[in-house]
Each structure stands twice: as C-alpha cells, then as structure tokens.
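Below you'll find the structure, written out as structure tokens, and then a few comments.
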Amino acid sequence: MLIDLGLIAFTLTLWTAIGFLGQIFFSMRFILQWLSSEKARKSVMPVAFWYFSILGGATLLAYAIHQEDPVFIFGQALGLIIYVRNLVLIRKEKQSAVTAAE
C-alpha cells in the first residue's frame, strides 16, 4: 500500500508497520515519564519506562536487522543491554529493601 503524505511517500509493508510499532513503543516511554513527572510535580522515572524501552528497542532491533543497517543494529542492541541492566538494578534495590525490612 502506497502512503503519500505530500512531503514523503512510502510503501507500507509488514516491516514498515513493525518499524512504526517500535517507534510508538519507544515514544510511549517518554510520554509516560512526562505524565508521571507532572503528576508527582518532580522528575520521576517509572519502572514502566524501562519496559517500554525494551519493547521499543527489541521491535526496532528486529526492523534494523531486516533492513541490514549495522549502525541502527548496534545502537538498538546496546540500548537493550542498558535497559535490561536498569531493570536488574531496580530489582536488586527492591530485594535489598525487603531484606532490610525483615
């Protein structure tokens, strides 16, 4: 299906749709962080930020692999490692808090 937006035109394929889905996931993390910060009236980073980062990063990595773009592949793969590491650190912190409370 050809999509013509005036300034840009592209063919919508399954892989293009996957790429857009990854961008949506990735964008949701910023929207979530912004709304959480507005609600708290201070800058906060909700755990869901990291889950959306993983969803978006993994989807965009699949798209980048399909496109055979080594720069995009490297960037998304490195990002995924960082996102997972943040979740590991958050889990360790919560476990430490539970252990300390007991």
Side-chain angles (χ1 to χ4, degrees):
M1 167 192 302
L2 180 65
I3 307 291
D4 187 354
L5 302 175
L7 294 175
I8 187 171
F10 59 92
T11 301
L12 183 63
T13 65
L14 175 62
W15 281 106
T16 306
I18 289 171
F20 277 120
L21 180 63
Q23 282 301 128
I24 290 168
F25 286 146
F26 219 62
S27 296
M28 283 303 299
R29 69 193 195 134
F30 292 115
I31 294 168
L32 175 68
Q33 192 274 329
W34 171 54
L35 293 175
S36 296
S37 293
E38 287 294 331
K39 183 177 179 181
R41 295 282 188 216
K42 65 179 183 175
S43 182
V44 295
M45 187 69 63
V47 175
F49 177 92
W50 300 111
Y51 287 106
F52 274 112
S53 297
I54 290 170
L55 275 172
T59 308
L60 288 172
L61 178 60
Y63 178 76
I65 290 169
H66 174 75
Q67 294 294 82
E68 299 178 358
D69 184 331
V71 174
F72 199 12
I73 291 168
F74 178 77
Q76 291 305 315
L78 181 60
L80 283 172
I81 292 167
I82 294 166
Y83 310 145
V84 170
R85 179 64 179 149
N86 274 287
L87 285 174
V88 168
L89 292 171
I90 290 167
R91 179 172 291 152
K92 283 183 181 181
E93 183 180 354
K94 286 182 180 181
Q95 287 173 344
S96 294
V98 168
T99 303
E102 293 174 347

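- Enclosure of atom CH2 in W34 is not indicated, since only 12 or fewer non-hydrogen atoms of other residues, nucleotides or ligands lie within 6.0 angstrom.
- L5 belongs to a hydrophobic cluster whose remaining members, ordered by chain and number, are M1, I3, I8, F10, L12, F20; membership requires side-chain heavy atoms of ILVMFWY residues under 4.5 Å apart, directly or through intermediates.
- A continuous path of ILVMFWY side-chain contacts below 4.5 Å connects M45 to V47, so both sit in one hydrophobic cluster.
- Under a hydrophobic-cluster definition in which Ile, Leu, Val, Met, Phe, Trp and Tyr are linked whenever side-chain heavy atoms come within less than 4.5 Å, directly or via other members, I65 and Y63 are assigned to the same cluster.
- Going from atom CD1 of I18 over to atom CG of L14 covers 4.0 Å, rounded to the nearest 0.5 Å.
- Sorted by first then second residue, the salt bridge (charged side-chain N to carboxylate O under 4.0 Å, His left out) pairs that include residues 90-102, not counting sequence neighbours, number zero.
- Between L80 atom CG and L55 atom CG the span is 10.0 Å, to the nearest 0.5 Å.
- Here CZ of F72 is found 12.5 Å from NE2 of H66. Values are rounded to the nearest 0.5 Å.
- Between the CD atom of Q67 and the CH2 atom of W15 there is a distance of 9.0 Å, given to the nearest 0.5 Å.
- S37 and Q33 share a side-chain donor-acceptor pair at under 3.5 Å.
- Taken from CD in E68 to CD1 in I73, the straight-line distance is 7.5 Å, to the nearest 0.5 Å.
- Residue pairs meeting the side-chain hydrogen bond (donor to acceptor under 3.5 Å, both in side chains) criterion with at least one partner in residues 42-57, sequence neighbours excluded, are R29-S53.
- Atoms CZ and CG, from F74 and L61 in turn, are 12.0 Å apart once rounded to the nearest 0.5 Å.
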Audit row: I54, V84, side-chain contact (heavy atoms from CB on, under 4.5 Å) steps and yes/no: CA-CA 7 Å; I54 290 170; V84 170; 3.9 Å; yes
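- Of all non-hydrogen atoms in A40 and V44, the two that sit nearest each other are CB-CG1, 4.0 Å.
- A chain of hydrophobic side-chain contacts below 4.5 Å, direct or via other Ile, Leu, Val, Met, Phe, Trp or Tyr residues, connects F49 to Y83.
- Closest non-hydrogen pair, T11 versus L2, comes out as OG1-CD1, 4.2 Å.
- Following chains of ILVMFWY side-chain contacts shorter than 4.5 Å, one can reach F52 starting from L35, so the two form part of one hydrophobic cluster.
- Checked by atom type, the side-chain pair T16/T13 shows a donor-acceptor distance below 3.5 Å.
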